There are 2 protein chains.
Amino acid sequence: MQYCTIGEASAKFNIPESTIRYYEKKGLLPLIERDEAGRRLFSEAQIALLETVICLKNTHMPISSIKQYIDWVVEGDSTIDLRLEMMKNHKQAVLAEISLMTESLKGIDVKITRYTNRK
Amino acid sequence: MQYCTIGEASAKFNIPESTIRYYEKKGLLPLIERDEAGRRLFSEAQIALLETVICLKNTHMPISSIKQYIDWVVEGDSTIDLRLEMMKNHKQAVLAEISLMTESLKGIDVKITRYTNRK
DNA sequence: ATACGACTTAAACCATGGTTTAAGTCAACA
DNA sequence: TGTTGACTTAAACCATGGTTTAAGTCGTAT
């Protein structure tokens with residue numbers, strides 16, 4: 001149950017401190033505690049939330065949607081159905097994007113093959 | 001060997017005409033012919049080039065890099081080695097991005113499972 | 001003749017997702 | 001005691017990738 005600073009969170013996930021502050025300002029990291037000097041203190045729960053934000057970002061969810069999801073998390077168990085539906089829909093979107101990339105990769109492989117043979 | 005209009009190209013790839021004009025302005029679609037009235041005429045070769053641009057875009061190559069690639073295509077066979085290396089590097093970047101998305105999808109699946117069981 | 005739809009342009013506008021800057025606070029160490 | 005390093009803020013700034021607007025030109029169907 002250690003608290004960590006923004007510098008440590010930044011190092012842990014390898015993202016700039018400025019990005020973490022930006023996410024907090026956008027409402028993706030609510031309820032972050034502060035020490036007497038006003039510095040952010042990330043609890044394990046906050047770190048887990050940041051990890052979720054990064055997971056959703058890695059799968060290209062827009063910040064506005066991540067905020068909606070986080071708002072639902074904060075709101076509590078009454079929003080579980082909404083969150084479940086959102087995650088299911090998001091999963092389908094991610095699978096579709098992976099399919100598109102995988103399909104497009106074939107076109108790139110064709111070029112690689114052609115250029116390799118033309119060398 | 002049919003020429004097609006921007007409207008037909010737009011319909012064929014399901015992208016706005018404005019995007020096609022934007023790509024041309026950015027140098028991704030060079031040497032496009034015009035009719036007497038100044039309207040764009042897309043030859044089969046141009047359509048193939050547009051398809052390549054879309055393929056690279058689908059795999060998230062930035063416009064500046066797509067332009068570099070197209071410039072090399074226009075330059076001719078002397079740039080084949082450069083193009084080959086670029087496509088190889090790009091392929092690795094795409095595979096890395098797909099891996100990250102696939103990995104992050106696991107975190108989403110965990111939420112789906114948890115929310116499903118908590119209903 | 002005219003009106004419509006498809007096209008043209010340059011320039012302005014927009015959303016997204018940060019990053020950078022400037023000025024300041026604080027704790028700890030020399 | 002003073003200076004360094006890690007933090008704070010609000011606001012300005014930036015890149016990317018388009019989209020929209022306004023004003024105009026054609027070709028064709030009525």
Side-chain angles (χ1 to χ4, degrees), chain A residues 2-43 46-47 50 52-70 90 93 97 100-101 104, chain B residues 2-43 46-47 50 52-70 90 93 97 100-101 104:
Chain A
Q2 286 282 15
Y3 281 91
C4 76
T5 66
I6 195 171
E8 288 161 345
S10 161
K12 181 173 181 103
F13 295 111
N14 198 30
I15 58 175
E17 297 181 8
S18 64
T19 301
I20 298 179
R21 294 192 189 100
Y22 171 75
Y23 288 167
E24 190 196 14
K25 186 154 52 173
K26 284 295 184 174
L28 309 189
L29 300 172
L31 313 174
I32 291 188
E33 299 172 62
R34 306 295 174 117
D35 69 9
E36 328 74 43
R39 286 170 294 199
R40 290 166 184 80
L41 291 177
F42 293 81
S43 67
Q46 301 297 334
I47 291 292
L50 177 52
T52 293
V53 168
I54 289 169
C55 167
L56 295 177
K57 271 220 32 83
N58 284 344
T59 51
H60 305 158
M61 183 181 282
I63 286 189
S64 56
S65 303
I66 300 177
K67 171 157 171 47
Q68 173 69 87
Y69 175 76
I70 296 292
H90 183 53
E97 198 183 342
L100 179 59
M101 293 182 78
S104 301
Chain B
Q2 285 282 14
Y3 283 92
C4 76
T5 66
I6 195 172
E8 288 160 347
S10 161
K12 181 173 181 104
F13 295 111
N14 199 30
I15 58 174
E17 297 181 9
S18 64
T19 301
I20 298 179
R21 293 192 189 100
Y22 171 74
Y23 288 167
E24 189 196 14
K25 185 155 52 175
K26 284 294 183 174
L28 310 189
L29 301 172
L31 312 174
I32 291 189
E33 299 173 61
R34 307 295 175 116
D35 68 9
E36 328 74 43
R39 285 169 296 198
R40 290 167 183 81
L41 291 178
F42 293 81
S43 66
Q46 301 296 334
I47 291 292
L50 177 53
T52 294
V53 168
I54 290 170
C55 169
L56 295 177
K57 272 220 30 84
N58 284 345
T59 51
H60 304 161
M61 182 180 283
I63 286 189
S64 55
S65 304
I66 300 177
K67 172 159 170 45
Q68 173 67 89
Y69 175 76
I70 296 291
H90 182 53
E97 199 184 340
L100 179 59
M101 292 182 79
S104 300

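Residue numbers start from 1 in every chain, and the chains themselves are labelled A, B, ... in the order their sequence lines are given, proteins ahead of strands. Just so it is clear, the model here is predicted, and its values are computed rather than measured.
Between A:His60 atom NE2 and D:dT16 atom C1' there is a gap of 14 Å when expressed in whole angstrom units. Rounded to whole Å, the distance from CD1 on B:Ile54 to P on D:dG17 is 15 Å. For A:Lys57 and C:dT16, the NZ to P distance is 13 Å, given to the nearest whole Å. One atom, CD1 of B:Ile66, and another, C1' of D:dG18, lie 13 Å apart when rounded to the nearest Å. Taking atom CG on B:Leu28 and atom C1' on D:dT16, their separation rounds to 13 Å, with Å as the unit. Rounded to an integer number of Å, the gap from B:Asp35 CG to D:dC26 P is 10 Å. Atoms CE (B:Met61) and P (D:dG18) sit 14 Å apart, rounded to a whole Å. The distance from atom CD of A:Glu36 to atom C1' of D:dA6 is 15 Å, rounded to the nearest whole Å.
The side chain of A:Lys26 contributes no N or O atom lying less than 4.0 Å from OP1 or OP2 of C:dG18. Put simply, B:Tyr23 has a side-chain N or O that comes within less than 4.0 Å of OP1 or OP2 on D:dG18.
The CZ atom of A:Arg34 sits 4.0 Å away from atom CZ of A:Arg40, with the distance rounded to the nearest 0.5 Å. From B:Lys67, atom NZ reaches atom CG of B:Leu29 across 11.0 Å, with rounding to the nearest 0.5 Å. Separating the CG atom in A:Leu28 from the CD1 atom in A:Ile20 is a distance of 11.5 Å, to the nearest 0.5 Å. In this structure, A:Met101 CE and B:Met101 CE are separated by 6.5 Å, a value rounded to the nearest 0.5 Å.
At least one side-chain heavy atom of B:Glu97 sits less than 4.5 Å from a side-chain heavy atom of A:His60. Under the 4.5 Å side-chain criterion, counting only non-hydrogen atoms from C-beta, B:Lys57 is in contact with B:Tyr23.
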**Complete:** With sugar-phosphate taken as primed atoms, P, OP1 and OP2 and all else as base, the protein-contact string of nucleotides 2-9 of chain C at under 4.0 Å (heavy atoms; B, S, -) is -----SBB
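With B:Ser10 contributing its side chain and B:Ile15 its backbone, the two residues share a donor-acceptor pair below 3.5 Å. In this structure, the side chain of A:Glu8 engages the main chain of A:Thr5 through a donor-acceptor pair within 3.5 Å.
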Are any protein N/O atoms closer than 3.5 Å to N/O atoms in nucleotides 19-21 of chain D? If there are, list each pair with its distance.
from: D:dT19; atom 1: OP2; to: B:Thr19; atom 2: OG1; distance (Å): 2.3

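Scanning both residues, A:Phe42 and A:Ile6, for their nearest heavy atoms gives CE1-CA, 3.7 Å.
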